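Have a look at the structure below before the remarks.
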Amino acid sequence: MEVYNGSMANLEYRKLDPSEITLNLNDLSGWVLEGGLIKKIFSFEKYKDGVVFASAVGYLADRLDHHPDLLVSYGKVTVSMNTHSVDGISPYDFELARRIEAIA
């Protein structure tokens, strides 16, 4: 199940500067920078829909080998991430966010 058709040519593990983070956030509806992580809360009518979504996010993350924190609660899934190896936000965080948006 590969749903994202974008290029991975610009992916690298490097810390983005604040202007790059702002630019990327402007292209992603609902994503925010909070506590050194990019984060979004996805809403669902039923708990099981959130669980299915979280499982799909897990699949995408594993394919990219970049793993977010997922919090599943009733009616919502919170996705948050950064790149530990660069101690900040990297292009991988935004690539995964775009892939998540493609399935949301």
Side-chain angles (χ1 to χ4, degrees):
M1 169 183 112
E2 190 66 38
V3 296
Y4 183 77
N5 296 317
S7 171
M8 291 181 34
N10 295 326
L11 285 182
E12 58 185 320
Y13 284 112
R14 69 175 179 86
K15 187 174 183 176
L16 297 176
D17 66 44
S19 65
E20 291 174 302
I21 293 169
T22 299
L23 182 66
N24 279 279
L25 284 173
N26 288 339
D27 291 336
L28 291 167
S29 177
W31 289 84
V32 297
L33 180 64
E34 184 178 293
L37 304 163
I38 61 168
K39 174 181 176 179
K40 183 172 180 176
I41 299 172
F42 295 86
S43 297
F44 301 91
E45 288 187 30
K46 298 179 182 175
Y47 178 78
K48 68 176 177 135
D49 295 336
V51 171
V52 169
F53 174 75
S55 180
V57 169
Y59 175 83
L60 292 175
D62 210 43
R63 298 275 301 166
L64 188 59
D65 195 26
H66 193 70
H67 305 96
D69 293 328
L70 301 173
L71 175 62
V72 179
S73 52
Y74 193 86
K76 64 184 174 180
V77 174
T78 304
V79 179
S80 54
M81 64 189 123
N82 67 7
T83 303
H84 301 287
S85 64
V86 302
D87 194 31
I89 307 299
S90 78
Y92 275 85
D93 298 303
F94 286 108
E95 176 65 19
L96 182 54
R98 284 187 286 277
R99 290 180 186 207
I100 293 168
E101 286 297 315
I103 65 165

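Side-chain atoms are counted along with the backbone in the values below, which use heavy atoms only and exclude waters and symmetry mates. Just so it is clear, the structure is predicted and the values come from calculations on it, not from any experiment. Residues: numbered from 1 along the sequence shown.
Residues meeting the side-chain contact (heavy atoms from CB on, under 4.5 Å) test with Asp69, sequence neighbours left out: Ser80.
Of the inter-residue distances, the one linking Phe53 atom CZ with Lys76 atom NZ reads 14.0 Å to the nearest 0.5 angstrom. For the atom pair CG (Leu64) and CZ (Arg99), the distance works out to 4.5 Å, reported to the nearest 0.5 Å. Here CD of Glu20 is found 12.0 Å from NZ of Lys15. Values are rounded to the nearest 0.5 Å. Rounded to the nearest 0.5 Å, atoms CG (Leu28) and CG (Asp93) are 11.0 Å apart. Here the CH2 atom belonging to Trp31 is positioned 11.0 Å from the CD1 atom belonging to Ile41, to the nearest 0.5 angstrom. Taken to the nearest 0.5 Å, the CZ atom of Phe94 stands 6.0 Å off from the CD1 atom of Ile89.
Closest approach of Gly88 to Asn82, counting heavy atoms only: O-CB, 3.4 Å. Scanning all heavy atoms of the two residues, the minimum distance from Gly30 to Lys40 falls at O-CG, 3.7 Å. Here the closest heavy-atom approach between residue Glu12 and residue Ser90 is recorded as O-CB, 4.3 Å.
Heavy atoms from other residues, nucleotides or ligands lying under 6.0 Å from CG of Asp87 number 12 at most.
Transitive grouping of hydrophobic side chains (ILVMFWY, heavy atoms separated by less than 4.5 Å) keeps Leu37 and Val77 in distinct clusters. Placement of Leu11 and Met81 within a single hydrophobic cluster is found when ILVMFWY residues are connected by side-chain heavy-atom separations under 4.5 Å, directly or transitively. Clustering ILVMFWY residues whenever any of their side-chain heavy atoms sit less than 4.5 angstrom apart, transitively, puts Val52 in a cluster other than the one holding Leu70. Two different hydrophobic clusters hold Leu16 and Leu23 under the rule that ILVMFWY side chains link at heavy-atom gaps under 4.5 Å. Note on Ile38 and Leu71: separate hydrophobic clusters, where clusters join Ile, Leu, Val, Met, Phe, Trp and Tyr whose side-chain heavy atoms are under 4.5 Å apart, directly or indirectly.
Of the charged side-chain nitrogens involved, none lies within less than 4.0 Å of a carboxylate oxygen, so that Glu101 and Arg98 do not count as a salt-bridged pair.
Applying the salt bridge (charged side-chain N to carboxylate O under 4.0 Å, His left out) test to every pair with at least one member in residues 23-35, sequence neighbours left out, gives these pairs: Glu34-Lys39. The salt bridge (charged side-chain N to carboxylate O under 4.0 Å, His left out) analysis of residues 45-55, with sequence neighbours excluded, yields no pairs.
No donor-acceptor pair closer than 3.5 Å links the side chain of Ser55 to the backbone N or O of Val51.
Val72 has its side chain within reach of Tyr47: a pair of non-hydrogen atoms, C-beta onward, lies under 4.5 Å apart.
In this structure, His66 and Tyr13 have tilted ring planes: the angle between them lies in the 30° to 60° band.
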Q: Starting from the C-alpha separation in whole Å, work towards a yes-or-no answer on side-chain contact (heavy atoms from CB on, under 4.5 Å) for Leu25 and Leu33.
A: CA-CA 8 Å; Leu25 284 173; Leu33 180 64; 3.9 Å; yes
**Q.** CA sep, side-chain torsions, deciding dist, call: Val57, Phe42, side-chain contact (heavy atoms from CB on, under 4.5 Å)
**A.** CA-CA 12 Å; Val57 169; Phe42 295 86; over 6 Å; no
